[in-house]
Structure formats: structure tokens, C-alpha cells
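Being a predicted model, the structure only gives us computed values, none of them experimental.
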Amino acid sequence: MGQKINPTGFRMGISKNWTSRWFAEKETYGDLAVEDVMIRKLLKKRFEMAGVKEVDIARSLNEINITVRVSKPGVVIGKGGAGVTEVQEELKKLTKAKISLTAEEVKTPEIEAELVAQYISRQLKRRMPYRRIVSNALQAAMDKGAKGIKIRLAGLLSGGNSISRVETAHLGSVPSQTLRADIDYAAVTCHQIYGTVGIKVWIYKGDIDL
């Protein structure tokens, strides 16, 4: 079961919290859900160079509090806070609510699954050997305190003339079915000229007291 379900959804409400926190009536729920998706797409595209781990959205009656967790907050803030002001103006086109945007720094990007997957994607686009990329990512995560890490790549890993295949590498233990296990999971698609490579990363950070 633990291998067939999204590890984050599996633990939602138990050891993981929702990234969108709000309540809406039946008539407006769909519009607000689509609004959240559009906000996330805009922020991830706008702050691509900052290394976006996740976007938290909390709504009150007429206000949206957005927290962007990034590895380089300086890229988000810009000179004198100009970056935040520009993005807030763009966000106003998507919603009528008042927007509050803050950036939080991710202290150890080496053990954040989303950032590790993005790193692998960038390196694959530079035509680096995938075995070396994966090996470096595994070792960096373990050196920074991860209890275990698993990386799975699927696609044309050796270029356009190769056969599509799946490669999995891991270090340490990654308990898929243990609900109290704090497992960070991310899936990223790397778009290349000859096709796409799917990247999945599981990082086990230890157990949470439930």
C-alpha cells in the first residue's frame, strides 16, 4: 500500500499538514481551488531561480496569506523588496482578495525532496551523467542528516538513442508504510529535447511523535 499511494497524501492530517488552509461554501469552493493552482503556478514560474520548495496558502474572509519556502529568499525579495511588490501586483490579477506575501528560507536544501528533484532535473538538462548526479544527491542528503533517501528516474536516461527504462537508487532506510515516519516526497518532470524524464525523490528524516 505504501508504495502505491502518494506518501504525502497518505500522511495528510497525521504527520503532514495541508498546504492550502481555508474553508468555502459549495458555490465558491471550485473557484478558490482553481485560484490556488494558478497562484502556485505563477509563483513557481516567477521564482524558479530561487528554488521553491512549497507554497503555503491560508485564506481568511477577504485576505490571502501566502508563504513561499525557498532556498534563496534574496531572489524573491529583490532589491529593497521590489521583487515582492512586483509579484503582488501580478497576483492581484488572479484574485480580488488582499494579498500578503512572505518568503521563508529553507536551511538545508539537500534534504528537501522538491529541491533535490529540481537539482537533478537541472543537471540532466545540462547533459550530465545521471548516475553521477544521483550519487551526489544521495551522499549530500545523508551528510546533512537524512536517515534515508530513495531516487527513481524513468525515461530516456542515456539520450534520444537509448531505450526508456527505470533506475532506482537509495541509501539508508525509507519506511513507506509507517505513518509516523517523516517522509518528504516530490515528483518532478524534466523536459528535454528528446522526451521527458520522470524524477521521484523520497527522503526519510526520522519519526514524529503522534
Side-chain angles (χ1 to χ4, degrees), residues 5-122 179 182-191 196 198-203 205 208-210:
I5 192 168
N6 185 298
T8 305
F10 187 46
R11 293 166 176 79
M12 196 62 73
I14 299 166
S15 59
K16 296 281 183 186
N17 202 358
W18 285 264
T19 52
S20 285
R21 292 182 295 279
W22 45 267
F23 175 81
E25 297 294 342
K26 189 175 179 180
E27 296 76 23
T28 57
Y29 181 88
D31 293 336
L32 294 181
V34 170
E35 211 172 84
D36 277 14
V37 172
M38 298 299 288
I39 288 169
R40 284 198 171 90
K41 275 187 181 178
L42 173 67
L43 292 175
K44 284 182 178 180
K45 187 177 180 182
R46 194 77 166 70
F47 301 136
E48 192 176 1
M49 300 306 293
V52 179
K53 179 194 181 293
E54 66 182 1
V55 179
D56 270 9
I57 298 173
R59 292 175 183 266
S60 56
L61 193 59
N62 293 311
E63 190 176 356
I64 306 175
N65 291 309
I66 303 170
T67 305
V68 187
R69 293 192 176 87
V70 292
S71 57
K72 300 171 186 172
V75 177
V76 176
I77 297 162
K79 288 184 179 179
V84 172
T85 309
E86 281 179 27
V87 174
Q88 281 181 329
E89 290 301 317
E90 289 182 43
L91 289 171
K92 283 177 183 175
K93 297 173 186 175
L94 300 177
T95 178
K96 294 174 183 175
K98 185 184 174 185
I99 294 166
S100 171
L101 180 65
T102 54
E104 282 185 9
E105 184 181 4
V106 175
K107 300 292 183 186
T108 49
E110 293 87 356
I111 59 169
E112 301 296 344
E114 182 70 29
L115 299 178
V116 171
Q118 288 175 19
Y119 161 77
I120 294 170
S121 177
R122 285 195 303 273
L179 284 170
D182 182 10
I183 291 182
D184 195 12
Y185 169 76
V188 169
T189 304
C190 175
H191 296 275
T196 60
I199 304 162
K200 290 184 178 180
V201 179
W202 295 257
I203 297 178
K205 301 179 184 179
I208 294 172
D209 294 328
L210 301 177

Identify the two heavy atoms, one from [X] and one from [Y], that lie closest to each other, and give their separation to 0.1 Å.
{"X": "Leu179", "Y": "Phe10", "value": "CD2-O, 3.6 Å"}
{"X": "Trp18", "Y": "Arg21", "value": "O-NH1, 2.7 Å"}
{"X": "Ser100", "Y": "Glu63", "value": "CB-OE2, 4.0 Å"}
{"X": "Ala24", "Y": "Leu32", "value": "CB-CD1, 3.6 Å"}
{"X": "His191", "Y": "Thr196", "value": "ND1-CG2, 3.5 Å"}

Practice prompt. Take Thr19 and Glu54 through the test side-chain hydrogen bond (donor to acceptor under 3.5 Å, both in side chains) and record every step on the way to the result.
Written response: CA-CA 8 Å; Thr19 52; Glu54 66 182 1; 5.9 Å; no
Discussion item. Closer than 4.0 angstrom, basic N to acidic O: yes or no for Glu112 and Lys107?
Written reply: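 Here Glu112 does not pair with Lys107 in a salt bridge, since their nearest N and O are not under 4.0 Å apart.
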Discussion item. Assess whether a salt bridge exists between Asp182 and Arg11, defined as any Lys/Arg side-chain N lying under 4.0 Å from an Asp/Glu carboxylate O.
Written reply: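 Looking at Asp182 and Arg11, the cut-off is not met.
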Worksheet entry | Any residue meeting side-chain hydrogen bond (donor to acceptor under 3.5 Å, both in side chains) with Asp31, in chain and number order, not counting sequence neighbours |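 With sequence neighbours excluded, Asp31 shows a side-chain hydrogen bond (donor to acceptor under 3.5 Å, both in side chains) to no residue whatsoever.
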Worksheet item: Within a strict 4.5 Å, meaning less than it, do heavy atoms of the Ile57 and Arg40 side chains meet?
Response: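 Of all side-chain heavy-atom pairs linking Arg40 with Ile57, at least one is under 4.5 Å.
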Worksheet item: Heavy atoms, side chains only, cut-off 4.5 Å: are Val106 and Arg69 in contact?
Response: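 Sidechains of Arg69 and Val106: in contact.
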Worksheet item: Should we say atom NZ of Lys16 is surrounded by more than 12 heavy atoms from elsewhere, each under 6.0 Å from it?
Response: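 More than 12 within 6.0 Å, yes.
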Between [X] and [Y] (side chain of the first, backbone of the second, donor and acceptor by atom type, cut-off under 3.5 Å), is there such a pair?
{"X": "Gln118", "Y": "Val52", "result": "yes"}
{"X": "Asp56", "Y": "Thr67", "result": "no"}
{"X": "Ser71", "Y": "Ala50", "result": "yes"}

Discussion item. Checking Leu94 now: which residues fulfil side-chain contact (heavy atoms from CB on, under 4.5 Å) with it, not counting sequence neighbours?
Written reply: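 Testing Leu94 for side-chain contact (heavy atoms from CB on, under 4.5 Å), a comparison that skips the adjacent residues, returns Met38, Ile39, Leu42, Leu91.
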Worksheet item: Please, which pairs that meet ring-ring contact (aromatic ring centres under 6.0 Å, His included) have at least one residue in residues 25-59, sequence neighbours excluded?
Response: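 Every pair satisfying ring-ring contact (aromatic ring centres under 6.0 Å, His included) with a residue in residues 25-59: Trp22-Tyr29.
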Can you tell me how far the [atom1] atom of [X] sits from the [atom2] atom of [Y], to the nearest 0.5 Å?
{"X": "Ile99", "Y": "Ile66", "atom1": "CD1", "atom2": "CD1", "value": "5.5 Å"}
{"X": "Lys205", "Y": "Asp184", "atom1": "NZ", "atom2": "CG", "value": "4.0 Å"}
{"X": "Gln88", "Y": "Lys98", "atom1": "CD", "atom2": "NZ", "value": "10.0 Å"}
{"X": "Ser121", "Y": "Ile199", "atom1": "OG", "atom2": "CD1", "value": "4.5 Å"}
{"X": "Ile183", "Y": "Trp202", "atom1": "CD1", "atom2": "CH2", "value": "10.0 Å"}
{"X": "Ser15", "Y": "Asp209", "atom1": "OG", "atom2": "CG", "value": "11.5 Å"}

Item to complete: Going by the salt bridge (charged side-chain N to carboxylate O under 4.0 Å, His left out) test, name the single residue among Lys41, Arg46, Lys45 that passes it with Glu90.
Response: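 Per the salt bridge (charged side-chain N to carboxylate O under 4.0 Å, His left out) rule, the option paired with Glu90 is Arg46, out of Lys41, Arg46, Lys45.
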Discussion item. Between Thr95 and Arg59, does the side-chain hydrogen bond (donor to acceptor under 3.5 Å, both in side chains) criterion hold? Intermediate values first, please.
Written reply: CA-CA 12 Å; Thr95 178; Arg59 292 175 183 266; 4.7 Å; no
